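As structure tokens, the structure follows; a few thoughts come after it.
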Amino acid sequence: MFGRLGAPEIILILVVIILLFGAKKLPDMARSLGKSARILKSEAKAMKEDKSSAPADPPTAGEQQPPTQRTIQAAPGDVTSSRPVTEPTDTTKR
């Protein structure tokens with residue numbers, strides 16, 4: 001349906017983006033997008049680690065495990081935006 005994008009089309013798209021958002025906001029938007037990507041990547045990695053280190057036997061209804069606390073960092077070595085996070089507990093009865 002659509003043809004391949006060539007150099008003129010890409011240049012036109014970039015010009016429209018600059019006109020819409022302004023040249024001053026583009027670096028901030030790129031920085032914010034990079035931080036979001038790093039957070040998403042670290043969360044995905046933490047979820048994989050949590051899955052691989054999960055106990056083989058799930059706890060029974062009588063056993064309650066205390067929630068563990070993790071620290072999420074926006075960027076490696078960036079301690080200003082680090083915050084402790086508690087995992088949500090499943091309160092539904094099955």
Side-chain angles (χ1 to χ4, degrees):
M1 181 177 203
F2 295 106
R4 295 185 180 186
L5 291 177
E9 290 85 5
I10 293 175
I11 292 171
L12 180 65
I13 292 170
L14 290 175
V15 167
V16 169
I17 289 173
I18 290 173
L19 288 175
L20 285 175
F21 297 109
K24 291 182 180 179
K25 289 189 178 185
L26 287 177
D28 293 334
M29 289 172 53
R31 191 175 303 114
S32 176
L33 185 64
K35 276 187 177 182
S36 299
R38 274 186 245 120
I39 291 171
L40 180 64
K41 184 178 177 182
S42 68
E43 282 297 312
K45 184 178 178 183
M47 285 178 63
K48 282 184 181 179
E49 289 174 358
D50 287 348
K51 243 182 206 180
S52 65
S53 66
D57 297 329
T60 58
E63 297 178 25
Q64 288 282 336
Q65 292 182 342
T68 58
Q69 193 171 29
R70 297 184 325 197
T71 300
I72 298 175
Q73 292 184 343
D78 182 17
V79 295
T80 59
S81 61
S82 299
R83 57 185 168 81
V85 176
T86 56
E87 295 296 321
T89 57
D90 187 13
T91 57
T92 60
K93 303 270 185 188
R94 295 180 189 204

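Keep in mind the model is a prediction, meaning the values are calculated, not measured.
For Ile10, the side-chain contact (heavy atoms from CB on, under 4.5 Å) test picks out Leu5, Leu14, with sequence neighbours left out.
Hydrophobic cluster membership is shared by Ile13 and Leu20, with clusters built from Ile, Leu, Val, Met, Phe, Trp and Tyr side chains linked at under 4.5 angstrom. Connection of Met29 to Ile39 is not established within any shared hydrophobic cluster, with ILVMFWY side chains joined at heavy-atom distances below 4.5 Å, either directly or through further cluster members.
Side chain of Glu9 to main chain of Gly6: a donor-acceptor pair is present (N/O by atom type, distance under 3.5 Å, no hydrogens or angles).
A distance of 10.0 Å separates CG in Leu12 from CD1 in Ile17, rounded to the nearest 0.5 Å.
Residue pairs meeting the salt bridge (charged side-chain N to carboxylate O under 4.0 Å, His left out) criterion with at least one member in residues 20-32, sequence neighbours excluded, are Asp28-Arg31.
Val15 forms part of a hydrophobic cluster together with Ile11, Leu19, judged by ILVMFWY side-chain heavy-atom separations under 4.5 Å.
Here the shortest heavy-atom pairing between Ala23 and Pro27 reads O-CD, 3.3 Å.
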